[in-house]
Amino acid sequence: MNKIHELKILPKWYEDVIYRRKKFELRKADRNFKVGDKLLLREFKNGEYTGRKCYVKITYIYKGDGNYGLAEGYWILGIEEWWDKENKE
């Protein structure tokens, strides 16, 4: 069963995601992310949520192992826009 993970995102990265310039998330591997899971990205500024949010789907996961410049314990999540009738607002 795919999960929806709710995550904070800074405004400069949020803008790039919603305008499809950024198609990945670099995240600490502190959750059990899986391909097919959804992310609810909530814009976070000055210690509070702004009210803006978007949904994306994980399409790929690169798990850092200390090689190729990505430390162990960090993952790069390939993402794409995700919408359905239940999350359009």
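- Under a hydrophobic clustering in which Ile, Leu, Val, Met, Phe, Trp and Tyr are joined whenever their side-chain heavy atoms come within less than 4.5 Å, directly or via other members, Leu10 and Leu77 fall into the same cluster.
- Here Phe33 contributes atom CZ and His5 contributes atom NE2; the two are 5.5 Å apart, rounded to the nearest 0.5 Å.
- Taking the side chain as every heavy atom from C-beta outward, Lys38 and Lys3 never approach each other to under 4.5 Å.
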May I have the step-by-step check of salt bridge (Lys or Arg N to Asp or Glu O under 4.0 Å) for Glu80 and Lys23, ending in yes or no?
CA-CA 6 Å; Glu80 68 181 12; Lys23 299 184 182 212; over 6 Å; no
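- Counting only distance, with no hydrogens or angles, the side chain of Asp37 and the backbone of Ile58 share no donor-acceptor pair below 3.5 Å.
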Walk me through it: do Glu48 and Thr50 pass the test side-chain contact (heavy atoms from CB on, under 4.5 Å)?
CA-CA 6 Å; Glu48 61 186 32; Thr50 66; over 6 Å; no
As a quick check of understanding, evaluate side-chain contact (heavy atoms from CB on, under 4.5 Å) for Leu70 and Asp65, giving each step before the final call.
CA-CA 7 Å; Leu70 187 60; Asp65 59 5; over 6 Å; no
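- A donor-acceptor distance shorter than 3.5 angstrom exists from the side chain of Lys22 to the backbone of Phe24, with no hydrogens or angles considered.
- Separating the CD1 atom in Ile4 from the CD atom in Glu6 is a distance of 9.5 Å, to the nearest 0.5 Å.
- Counting heavy atoms from C-beta outward, Leu7 and Arg31 have side chains that approach closer than 4.5 Å.
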Got a list of side-chain donor-acceptor pairs under 3.5 Å for residues 11-18, not counting sequence neighbours?
unit_1, atom_1, unit_2, atom_2, d
Tyr14, OH, Lys53, N, 3.2
Tyr14, OH, Lys53, O, 3.0
Glu15, OE2, Arg52, NH1, 3.3
Glu15, OE2, Arg52, NH2, 2.3
Asp16, OD1, Arg21, NE, 2.9
Asp16, OD1, Arg21, NH2, 3.0

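- Expressed to the nearest 0.5 Å, how far CD of Glu43 lies from SG of Cys54 amounts to 9.5 Å.
- Closest approach of Trp75 to Ile61, counting heavy atoms only: CE3-CG2, 3.9 Å.
- Here the closest non-hydrogen pair linking Val35 and Thr59 is CG1-O, 3.8 Å.
- A side-chain contact (heavy atoms from CB on, under 4.5 Å) with Glu25 is found for exactly one of Ile9, Val56, Ile76, namely Ile9.
- In terms of the side chain to side chain contact (heavy atoms under 4.5 Å, CB included) criterion, residue partners of Phe44 (sequence neighbours excluded) are, by chain and number, Lys8, Tyr49.
- Applying the side chain to side chain contact (heavy atoms under 4.5 Å, CB included) rule to Asp30 yields the partners Lys28; only residues at least two apart in sequence or on another chain are considered.
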